[in-house]
Amino acid sequence: MRNLRATPDATVALRGRAVAVKARELDGEEYDRMWAGLLEFWPGYAMERAAAGRVLPSFVLTRQ
């Protein structure tokens with residue numbers, strides 16, 4: 001796995017195909033909204049964040 005902060009250009013697999021994407025890290029209110037949505041999807045993320053002892057980063061991937 002690459003460091004998306006250092007190298008935001010990446011490739012992901014989507015339905016078996018390689019897709020070029022650019023990562024953008026979320027912060028502030030945008031991060032808070034995404035985090036709330038992630039917790040609705042799977043409350044266990046709160047446990048993972050507590051175990052990590054830090055804020056977990058969240059990125060949006062956009063096709064290039």
Side-chain angles (χ1 to χ4, degrees):
M1 182 169 114
R2 292 187 176 173
N3 181 335
L4 292 176
R5 287 182 182 128
T7 310
D9 295 320
T11 303
V12 298
L14 181 62
R15 296 185 179 128
R17 293 184 155 188
V19 177
V21 296
K22 185 167 207 93
R24 180 176 61 83
E25 188 169 6
L26 301 178
D27 61 5
E29 290 181 17
E30 192 176 28
Y31 177 90
D32 294 341
R33 283 192 304 274
M34 178 64 78
W35 184 252
L38 289 170
L39 290 178
E40 283 183 33
F41 176 76
W42 190 63
Y45 283 128
M47 184 176 58
E48 290 188 19
R49 183 169 158 171
R54 61 183 175 87
V55 173
L56 300 177
S58 186
F59 294 82
V60 170
L61 304 178
T62 305
R63 284 184 187 213
Q64 291 191 17

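Model, not experiment: these values are computed from the prediction.
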Task: With R24 via salt bridge (charged side-chain N to carboxylate O under 4.0 Å, His left out) - residues at least two apart - done: E30

Task: Hydrophobic cluster identity match, V12 and V60, side-chain contacts under 4.5 Å - done: no

- [ ] Might you point out which heavy atoms bring Y45 and L38 nearest each other, and give the distance in Å?
- [x] CD1-O, 3.4 Å

Task: Set of side chain to side chain donor-acceptor pair (under 3.5 Å) partners for E29, sequence neighbours left out - done: none

- [ ] Kindly indicate, with the supporting measurements, whether the criterion side-chain contact (heavy atoms from CB on, under 4.5 Å) is fulfilled by L4 and E25.
- [x] CA-CA 8 Å; L4 292 176; E25 188 169 6; over 6 Å; no

Task: Non-hydrogen atoms of A23 and L61 that approach each other most closely - done: CB-CD2, 3.6 Å

Open item on the list: Could you see if F41 belongs to whatever hydrophobic cluster contains M34? Use Ile, Leu, Val, Met, Phe, Trp, Tyr and a side-chain cutoff under 4.5 Å.
Closed with: yes

- [ ] Of all the heavy-atom pairs spanning E48 and L56, show the shortest one and how long it is.
- [x] C-CD1, 4.2 Å

- [ ] Could you tell me how the ring of W35 sits relative to the ring of Y31: parallel (under 30°), tilted (30 to 60°) or perpendicular (over 60°)?
- [x] parallel

Open item on the list: Could you report the tightest heavy-atom contact between T11 and V21, atom names first, then the distance?
Closed with: N-CG2, 4.5 Å

Open item on the list: Hydrophobic clusters here meaning ILVMFWY residues chained together by side-chain heavy-atom distances under 4.5 Å, can you tell me if L39 and V55 are in one?
Closed with: yes

